[in-house]
2 protein chains.
Amino acid sequence: MVKHFSAPYDRSMSRHDEIRQEMLRRINDGEWPVGSDIPHEMVLTEEFGAARGTVRRALSTLVEQGLIERRKRAGSRVVGQTSQTSKLHIPLIREEIESRGHAYSYRLLEREVKPGLHGIGTRNGLLWVRCLHLADGAPFQLEHRTINLDTLPQAAEQPFRVTGPNEWLVREVPATRVITRISAAAAEAEIAEILAVPEHAPLLIVSRETFMGEAHLTEARLSHPAEQYQVTTLSI
Amino acid sequence: MVKHFSAPYDRSMSRHDEIRQEMLRRINDGEWPVGSDIPHEMVLTEEFGAARGTVRRALSTLVEQGLIERRKRAGSRVVGQTSQTSKLHIPLIREEIESRGHAYSYRLLEREVKPGLHGIGTRNGLLWVRCLHLADGAPFQLEHRTINLDTLPQAAEQPFRVTGPNEWLVREVPATRVITRISAAAAEAEIAEILAVPEHAPLLIVSRETFMGEAHLTEARLSHPAEQYQVTTLSI
DNA sequence: TGGGCTTCTATGTCTAGACATAGAACGATA
DNA sequence: TATCGTTCTATGTCTAGACATAGAAGCCCA
């Protein structure tokens, strides 16, 4: 089969990646302008000399990226992003700190079993942990965590004295759904002291709830001094 | 072909979704514990009575979710997430404000063509825009934007007097790569005044750079009073 | 025992079909 | 002209193959 375009694409790419690159180029160069219909699958299939499945794979990637949209019978068209979607990747705090070339250390501040709340942990209660993650000895992240002992009874046996709940959860527990919220706030007196920042200093706060199916597993509130931490995401 | 499991799955789901659900259940219930190998594709293919492609589609989704990892010759295994990945979705500020039931309004503060910087916009310069997005008349987001006039010369003709650069960019310009950074900071005097918050009040700041291929398109710095705004993400 | 070579296999990619179906387009009717 | 069925088609899903290939596992030899 003939390839009907001859740009010097990386030969190590798979065919669907090559095709996707070429489609990207056409969008880029305005050959397929925003708002316009792009050719039907079968036309592209012939043009690229590939199977329909391969062309579809290239197209699906563009759909994921939000560059095109497709509707049955109506065909596919290039869209200007109505909202930018990107992948947010929050690493283990230990890795984050070590990747910056700092020494990681950990301190457990509080650990307590509390009664359930809002229908969560009504049987076995909630494990409440407060701990601090440090970079080169300086406070980097304050972690407030609750673990649902109904769904994760094994957590009750974890002391979390030398490693944080995160490390354990990551190793032992898979999650199917995660809700992450990122916000800013001024440091209250108690938190300011723990994080060694002035009162009312700006904090970047990452809150995360984790579920397995419908079951609530754990919730975390991670507070960082604003100067030290930012969240970065890449496009899909 | 027989389906070898009989849970009452939604019949409206596609087969690969059904299979994925069943796999999720097995991970959930510990039948496939974290760290363990899961059966080979061909075994699953037989068990589910589906084609290999269909089983692979279910598995790929689990890989995307970060629940399993696969390696040639070595097979597939369940992994505890070493880092949580989720989808970050930043809507048009107008939509954000209207979806909260507030009236959106816009004010252009500054618009100027500046010389290029760091090899960006060296030919035609950079269009620099500062504008304010309001909810029910109250400041909600301060937008600092630069647009690369080398790659987007059409932007020079846009007055941005009644709608912001975002609306125009979204309608006209596709992007292949977006870098988003989320941070917190204390409001400097000038910004505090524009946003009608006390000096040093915490701000949530979303910065975004947009590219088409390697070409730099635009850069935005969006500042919000911390109490009014947070970023939410859902799992993939 | 350890390093390098070969073999082998589970996953990755691709093809060429078939059938399902949302929903756009069209035509009939009021 | 507006509304309501009907038709039709581009996309969505699935199948059953073939071949490619990373890299784990085993082997040989020093």
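First the proteins, then the strands, lettered A, B, ... as listed; each starts at 1. Because only heavy atoms are used, hydrogens play no part in the values below, and waters and symmetry mates are left out as well, while side chains stay in.
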Under the side chain to side chain donor-acceptor pair (under 3.5 Å) test, residues paired with B:E41 that sit two or more places apart: B:R52, B:R56, B:R70

Tabulate atom names and distances for all N/O pairs under 3.5 angstrom spanning the protein and nucleotides 3-8 of chain D.
residue: D:dC8; atom: O2; partner: A:R73; partner atom: NH1; Å: 2.8

From C:dT13, D:dT15, C:dT11, nucleotide with atom closest to B:S76 side chain: C:dT11

For atom CD of B:E18 and atom P of D:dT13, their distance in whole Å: 13 Å

Which residues share a side chain to side chain contact (heavy atoms under 4.5 Å, CB included) with A:A51, sequence neighbours left out: A:T54

Heavy-atom closest contact (A:E64 atom, B:E64 atom, distance): OE2-OE2, 3.9 Å

Atom pair distance, as rounded to whole Å: NZ in B:K72 and C1' in C:dT7: 16 Å

Sub-4.0 Å heavy-atom contacts from residues 36-45 of chain A onto DNA chain C, ordered by number: none

Separation of atom CG in B:L59 from atom C1' in C:dA10, rounded to whole Å: 12 Å

d(CZ, B:R52; C1', C:dA10) in whole Å: 8 Å

Minimum-distance nucleotide to B:A74 side chain [options: C:dT21, D:dA24, D:dC14]: D:dA24

Pair listing, salt bridge (charged side-chain N to carboxylate O under 4.0 Å, His left out) test, anchored in residues 155-169 of chain A, at least two apart: A:R94-A:E167

A:R57 side-chain N/O to C:dT13 phosphate OP1/OP2 under 4.0 Å: yes

Side-chain N or O of A:R15 closer than 4.0 Å to phosphate OP1/OP2 of C:dC14: no

Listed once per pair and sorted, the salt bridge (charged side-chain N to carboxylate O under 4.0 Å, His left out) pairs that draw on residues 206-218 of chain A, sequence neighbours left out: A:R181-A:E209

Salt bridge (charged side-chain N to carboxylate O under 4.0 Å, His left out) partners of A:D136, counting only residues at least two apart: none

Pairing residues for A:Y106 by the ring-ring contact (aromatic ring centres under 6.0 Å, His included) criterion, not counting sequence neighbours: A:H133

Nearest-Å distance for atom pair CE/C1', residues B:M13 and C:dT21: 18 Å

D:dG12 OP1/OP2 closer than 4.0 Å to side-chain N/O of A:R70: yes

Atom CZ of B:R100 with >12 non-hydrogen neighbours under 6.0 angstrom: yes

Residue A:A51, side-chain heavy atoms: nucleotide from C:dA16, D:dT15, D:dT13 that is nearest: C:dA16

Results of side chain to side chain contact (heavy atoms under 4.5 Å, CB included) for A:R77 - residues two or more places apart only: A:D37, A:E69, A:V79

Between C:dT15 (P) and A:R56 (CZ): distance, integer Å: 14 Å

Whole angstrom value for the distance that separates P of C:dG23 from CD of A:E69: 12 Å

Rounded distance (Å) that lies between atom C1' of C:dA16 and atom CD of A:E46: 14 Å

